[in-house]
Amino acid sequence: MSRYNFKETEAKGQAIWEERGCFRANEDPGRKKYYVLEMFPYPSGRIHVGHVRNYTLGDMVARYKRACGYNVLHPMGWDAFGMPAENAAIENNIHPGKSTYQNIESMTRQLKAMGLSYDWSREIATCSPDYYRYEQKMFLDFLAAGLAYRKESWVNWDPVDHTVLANEQVIDGRGWRSGAPVEKRKLSQWFLRISDFADDLIESLKSLDRWPDRVRLMQENWIGRSEGLRMSFRLAPSRAASAETAKALDSFDGPLEVFTTRPDTIFGAAFCAISPNHPLADALGGADDGLAAFIQDCNRLGTAEAAIETAEKEGFDTGIIARHPFVSGRELPVYVANFVLMEYGSGAIFGCPAHDQRDLEFARTYDLAVRPVVAPKGTDASGFTINEDAYTEDGVLINSDFLDGMAVAQAKDVIARRMEEAGDGERVTVYRLRDWGISRQRYWGCPIPIIHCPSCGMVTVPESDLPVTLPEDVNFDKPGNPLDRHASWKYVPCPQCGTDAERETDTFDTFVESSWYFARFTAPVADAPFTREAADYWLPVDQYIGGIEHAVLHLLYSRFFTRALRKCGYLGLDEPFAGLLTQGMVCHETYRDAAGSWLLPDQVRRVDGKVVHFEDGSPVTVGRSEKMSKSRKNVVDPAAIIEAYGADTIRLFMLSDSPPERDLDWTDAGIEGAWRFINRLWNMVENAAPNLPPPGCPLANDLGEAAHELRRGVHKTITAVSGDLDRFHFNRAVARVRELTNLLAETADGGDDMNWARREGLETLALLIGPMMPHLAEQLWQALGHDGLVAAAPWPVADAALTIDDRVTIAVQVNGKLRGTLDLVRDIGRDDAEAAALALPAVAAMTEGKAVQKVIFVPNRVINVVL
RNA sequence: GCGGGCGUGGCGGAACUGGUAGACGCAACGGACUUAAAAUCCGUUGGGCGAAAGCCCGUGGGGGUUCAAGUCCCUCCGCCCGCACCA
């Protein structure tokens, strides 16, 4: 048995695909299109195993759909702006642009070695002015359409990366990149009005039926819609209030607007609470030093503190009271409370301790009345009391005047109507989703095309001056944004009045670039972001593939961006990604030496089933398999694997062991197994080919039984593999291919009919592995005497007549337990099957002397004799 | 706390709408080839009892529906993920 020369074969295959332009995509209205896209990478310099899995899955789909006759668009590009390049600049004194393009070059080489069927002529890099100039134009359009605005607000500040972060980029109170606890700062920032689309973004999730439920749910929760009532409370100073407080209240002027989803509990209201950042708190704080100090305390804690969880519910009595809207004389103390968020609802609530756990805790702390107003249906209302737990279920209204006896839903409705009629309330829907803050205080990003003029204010850069390009001559010797301290770039005359003005030195969040790149791929060199014709033809992306980590971030931003682009006339659709596959992570065991330091997989070896250090043989502790990460050193360099085993081996391994959406355990044995299979296949074809009839040779004689049986196996495999690929069950497809290989390996050279059937089987095998192991497929195809390419060959079609067996195996059960099987002709009638079953010795032995109650017969499947 | 997912041999995983549990692979063991090893090829491999035919048990635990449950329902346990003072 000889060894397969993957190096030669893979280089040859890649060269010929490129030479013949196999993967070039062109609009062709006469053909059905299929756009498959993998999340484009950040050019870090080296591909990692996660990339390999992602692109292998994408290529599988692309090649399969191409073979099925679709006009496939499968592009690749670079999400090239971002902080790592800037951090590298600080550390190694290399310009971010230079390192980025170097990285792109080396990663391109690695990707090309994988044999991925990309249309490389469409490659884009988002850091190129040819890309971001259109982003700047879009921003100006968004501005004109009211979709972008600037405001001063409290923002999440990452003290390590020296920049602002969007809410989506704060994970557990820490920066998503740096991991540093996020601080609160008040800054003037650019925002995109994603909240304008909150309702549509949530509603349209229903239409994304080829997205995982999990992702849809995560987006739904993130957008966080709740329906309720905004209601006004009239305010007055309490008897205890100071004169200053009373005066401050006058300056606030107006009722207190609260938001509630439980207006039905209004008769149980015991207090109102406002956010420390509420304008009323501001006003009152000016008149009360104690309150001012409390507010400062709250802000220091911010949302950054992980201590939120344990933080006590604290409030400060402002000395103001709110009048109950329906009970004259009932006064609710107004607190400033640390748990009320200015960003949600109206930044103010009324508290009903009996029916909200948080309000209950607050009430217990400040000794406020706990008045139940909803009782479980069927309980004695007068005896219903609240102890430790608030009652939040449905029930019947009590102690609530005109609401008494109603169900919660009805009571909500009645209160809402009353408040609306009185002009004191309004039914509203509020969202958790905040507008997307896109300003970043960093250099390596797309400049925001705005000029700040001392006399004209904010002025947009005229379109004729676009793109605003980044200056090359920057230094990173100090922390912070080098654009902000640049000697010349920053200073420009105002485009309107000509006086000295300053450029906006913030750049866009890099998620802005990735929010529209899929559209740019449809017309990558157009003199516009893309053309309407190309976008209309190719979009939406039919199948998008990437990691679950973007479930909210990138995928939500892109959905918003598509809507915003539509509003500005660029596009005619709302949803960019019709199908989404979220791949699982690649995991690996972890290793630690005696001192507890992490070891690379290369630094350990196995001796007699024990894992030891590769040098001195000292014992190594093996940890559970977890996501590959540099910090735990459980990483494998795919480039080294490709070098040692070839691209097809790593591709096959990526597909075979786990379904795509599940985590995949990397094992050396798995790689070895894939490599072994490739060699086996190659040897089988190489050895068989000389004895086979020539390609396209008609069948001379009738097929014998054995040859017929082989054909049946071949055609059943075609059906099974096609179905598996349609449903992305790639691991099963691989298993089917292996089965067919085993089947073919069992057949020997035979008569003409057998060799004819073997040719069909081997050719089918070559075509079926085309999407998985494209290089080997070409090699086999050629060995079988074909001139053309598998990459250009149509997907095999199964002969339906061959996929249905004439005979079936039917399970025979007695009382539901398997007692034997019967080999019978397909679609045999009930009576014949029953007779055959009862005649089985094992069945006869059990039924002897007993009455058969009934016999269940499922055609072609099962016969169950019930005694 | 809320929401979601998962739990099948030594391991990764199969099992379409309830109908022969463990496909395919990995690992292990036995054998062939070899002076020997590697590679390769052939075979065995869920557990228990048995000389064998065969029988019993078995999809996290318990209960239920059904002729029949890995699959449906209830309940408990464990693990993973997302959100989290959301009014």
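Just so it is clear, the values below take in all heavy atoms, side chains as well, and ignore hydrogens, waters and symmetry mates. Here is the naming used below: chain letters follow the sequence lines, and residue numbers restart at 1 for every chain.
Here A/R676 reaches the OP1 or OP2 of B/A27: one of its side-chain N or O atoms lies under 4.0 Å away. Between A/K817 and B/A21 there is no side-chain N or O to OP1 or OP2 distance below 4.0 Å. Between A/R358 and B/C86, a side-chain N or O to OP1/OP2 separation shorter than 4.0 Å is present. For B/C24, neither phosphate oxygen OP1 nor OP2 lies less than 4.0 angstrom from any side-chain nitrogen or oxygen of A/N742.
Taking atom C1' on both nucleotides, B/G13 is separated from B/G22 by 10 Å, rounded to a whole Å.
Checked against salt bridge (Lys or Arg N to Asp or Glu O under 4.0 Å), A/K206 has the following partners two or more places apart in sequence or in another chain: A/E203. Listed by chain and residue number, nothing satisfies the side-chain hydrogen bond (donor to acceptor under 3.5 Å, both in side chains) test with A/T429 (two or more places apart in sequence, or in another chain). Residues passing the side-chain hydrogen bond (donor to acceptor under 3.5 Å, both in side chains) test with A/Q219 are A/R559, sequence neighbours excluded.
Contact annotation for A/R216: no contact, since no heavy-atom pair falls under 4.0 Å across all strands. Within 4.0 Å of A/R214, counting heavy atoms only, lie sugar-phosphate atoms of the nucleic acid but no base atom. A/V862 comes within contact range of at least one nucleobase, with a heavy-atom separation under 4.0 Å.
Stretches of at least 3 consecutive Watson-Crick or G-U wobble pairs, with each checked distance under 3.5 Å, appear in RNA chain B as B:1-7 with B:77-83, B:10-12 with B:24-26, B:28-32 with B:40-44, B:46-49 with B:54-57, B:60-64 with B:72-76.
Pairs passing the salt bridge (charged side-chain N to carboxylate O under 4.0 Å, His left out) check and including a residue from residues 818-828 of chain A, sequence neighbours excluded, read A/R807-A/D823. Counting only residues at least two apart or on different chains, the side-chain hydrogen bond (donor to acceptor under 3.5 Å, both in side chains) pairs with a member in residues 261-278 of chain A are A/R262-A/D264, A/N277-A/N299.
Heavy-atom contacts from other residues, nucleotides or ligands closer than 6.0 Å to CZ of A/R214 number 12 or fewer.
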